[in-house]
Each structure stands twice: as C-alpha cells, then as structure tokens.
> 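Would you mind keeping the following structure in view while I ask a few things?
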Number of protein chains: 2
Amino acid sequence: MLSKQDHRLIELLRRNARASVTELAKALDLSRSTVQNRINRLEASGVIRSYSVELGGEYALNRVEAHVSIKVQQKLTAKTNLELEQINRVVQLYAVSGEYDLIAIVQAPSLEELSAVLDEIGNLDGVDRTTSSVVLETKFRR
Amino acid sequence: MLSKQDHRLIELLRRNARASVTELAKALDLSRSTVQNRINRLEASGVIRSYSVELGGEYALNRVEAHVSIKVQQKLTAKTNLELEQINRVVQLYAVSGEYDLIAIVQAPSLEELSAVLDEIGNLDGVDRTTSSVVLETKFRR
DNA sequence: ATCTATTTAGTCAATTTGATAAATTTTTGC
DNA sequence: GCAAAAATTTATCAAATTGACTAAATAGAT
C-alpha cells in the first residue's frame, strides 16, 4: 500500500529526483532514516523504476517527435512489436485498445530522419495502416 | 553546442539521474569537477530541465492511461488549450500537425474516472471530435 | 606562435550517505 | 481494550560526496 507520505515523497521526487535525502526529509518533515527507508522500499517494490532527466533547450530544439497510431494485422502482432523495438528512433511503444492497436512515439534529430522512420514503420509487414502526428509544440507536461 | 561528452553524460543521467557526480565521473573517465561543471552548465543552459522519476509496480497498477487525439475548432484553440490544462488528469498536451490538432495524455486511477475525463474532453466547446486509445500495456520506454 | 578562452585536474572543509541499533509511536488483529 | 507487529524516530559512526576554489593543460583564433 502506498501511504499518503509515499505519495508526497513521490511528488517531490517527480519534481526533483536529485534532491538529497536530507532535503527531502526536511521538506516532508520526517526523519532522514524514514525517508531513506521509504525510498529503499519504493525502489525494491518497483514503484520507483528509475530516475531520469527531462531535457529541453538546445537538446529539444534538435529533436522532432511524432505520435504514430498503428493498426496491426493480428497474426503479425508479435513480429511487429519486435521489429518496432529494433528501430532505435522508436522511444516508446504502447499496446492500446480502440481504433488502433499500437502507439509508437518516435524521436529523430531532423524532419528528414523522422519522415524516413515513419515510412519504415508504414512499410513493416504486419502494419495495416498508420496515422502520424508530428509534434509542433509541447503545451505542458506534469 | 553539445559535445560528445555532454551526450554521454546525458545518456548516463537518463538511465540514473540520482547517480552521484563521483560515479558519473568514474563512468565517463573524467574528473569529478569536469562533470560537475558540465552538469551546472547543462542545467543553466536549459538542456537539463529537471530530474524526474519513472514509476511502475503498484503505482502503475492503480493507474490507467489513454492517448486522446483531438480535432479542435480553429477559433476556439486557445480556449480549449486552457480548458484542457485545467483538467488535472491531463498530464501531457501536445499541439500536432496531421489529422488532429492536439494529443492529450490522460491518467486516472480507475477506468471509471478515465472514462469520465474522456467524456469531459469530448464535451468541451471547442472540441470537434476525439479518438481515444486506452493503454493496455507499455511495451517499452527508452 | 602567442594570446585568450575553455576545459580539466586537484584540494579543502562542510555536508550527505548508508548502515546499524535502540527507543518510541502507530497500526492491526483478536 | 490490549498485546503483538510494524513503522517511525533518534542517534551514532566512518566513508563517500559535494560545492567552491585555484592552478594547470588544452584548444581555437588571428
């Protein structure tokens, strides 16, 4: 069970995953060892999977992204998943229910490369059809 | 300009943003102060926007997600963006080009709540039509 | 080739960490 | 309501890490 405190801790870590345990303890008004125990527990139990970094600025400028909805031929689902995982520009892949079967998030350093990857995906054996949405702007993330 | 070293450093931080500067320096075979300087610079220049946490396990189990593609009435674009930002379950919002104008990522603790939010979005003034994809499984993220 | 600017190496004291033990509080089952 | 179990707090230690700094080395420009 995730307690109220766990949620508060997670919230802080979401905002700054590099905060020291000491800082976190102060902000939560808990003892350092409690916070340290909680973090250890959350890591061990898989709630905290990893710590990552949000990039922006110059990095984001040299990066274009698209969301690709994919309709797959049922029989080739497994194969298609594997093939998509081979494509390095595919940074996230979701199985979804609805009109489409998969959603792939693709990132590339230029529109040309992005376009090439979109073609590549569209031409996979198991892919029936795709709808691509090139990201123009990230309105927000939270 | 982002040097080769910057990219290597970013790569490490993506994998574990809580790694100590000392560890990072060891892995990159650079001095600690070099790494510290680089990190400071990357933060100041906006390349590193923040440090965050990837959640899974029990947390992910109590969380359902959907990708919602949204076609907006041009005139009401600004208003719709604001309204979407008001909805707390909308955790990401992108302006996109293609068949749709926006993509909203929605997270909720239950299918019921998710469904309610999807309805809410569909009923916004400026929203022409939506296509929702409920995430069944995250195949991978990287 | 030399001057400048950037990058890297090294050093210090102060802070933070991880690990552990023991005391206290809270939660839970019965 | 109370006893047992679990969680939290306080305290301690040596080891590791940090931030701030100075000096050395390297790269770039003219």
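Bear in mind the structure is a predicted one, so any value in this text is a computation, not a measurement. The chains referred to below are lettered A, B, ... by the order of the sequence lines, with proteins before strands, and numbering in each begins at 1.
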> Looking at B:Val90 and B:Ala104, what are the two nearest heavy atoms and their distance?
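For B:Val90 and B:Ala104, the tightest heavy-atom pair comes out as CG1-CB, 4.1 Å.
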
> Hey, are the side chains of B:Glu11 and B:His7 touching, using non-hydrogen atoms and a 4.5 Å cut-off?
no

> Drop me the distance from B:Glu83's CD to B:Glu120's CD, to the nearest 0.5 angstrom.
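Answer rounded to 0.5 Å: 9.5 Å.
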
> Would you give the length of the straight line joining atom CD1 of A:Ile87 to atom CG of A:Leu124, rounded to the nearest 0.5 angstrom?
5.0 Å

> For the atom pair CG (A:Leu93) and CD (B:Glu137), what is the distance rounded to the nearest 0.5 Å?
9.0 Å

> Tell me, for nucleotides 4-17 of chain C in 5' to 3' order, what letter each nucleotide earns: B for a base near a protein heavy atom under 4.0 Å, S for only sugar-phosphate near one, - for neither?
---SBBBB----SB

> How many angstroms lie between atom OG1 of A:Thr80 and atom CD of A:Gln73, to the nearest 0.5 angstrom?
8.0 Å

> Provide, to the nearest angstrom, the distance between the CD atom belonging to B:Glu43 and the P atom belonging to D:dT18.
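From B:Glu43 CD to D:dT18 P: 12 Å.
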
> Strictly below 4.0 Å, heavy-atom distances to any atom of DNA chain C: list the hits from residues 45-56 of chain A, or just say none.
none

> Working to the nearest 0.5 angstrom, can you tell me the gap between B:Leu102 CG and B:Lys71 NZ?
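One gets 9.5 Å once the value is rounded to the nearest 0.5 Å.
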
> Which heavy atom of A:Ser52 sits nearest a heavy atom of B:Ala17, and at what distance?
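Result for this residue pair: O-CB, 3.2 Å.
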
> Rounded to the nearest 0.5 Å, what's the gap from OG on B:Ser50 to CD on A:Glu54? Could you check?
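Going from the OG atom of B:Ser50 to the CD atom of A:Glu54 covers 4.5 Å.
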
> Between the two ends of the helix from C:dA1-D:dT30 to C:dC30-D:dG1, what is the bend in degrees, rounded to 10 degrees, where each end axis spans five pairs?
60°

> Under the side chain to side chain donor-acceptor pair (under 3.5 Å) rule, what do B:Ser3 and B:Asp6 come out as? Steps first, then yes or no, please.
CA-CA 5 Å; B:Ser3 71; B:Asp6 286 323; 3.2 Å; yes

> Quickly work out the B:Asn40 CG to D:dT17 P distance and round it to whole Å.
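Taking atom P of D:dT17 as the reference, CG of B:Asn40 is at 18 Å.
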
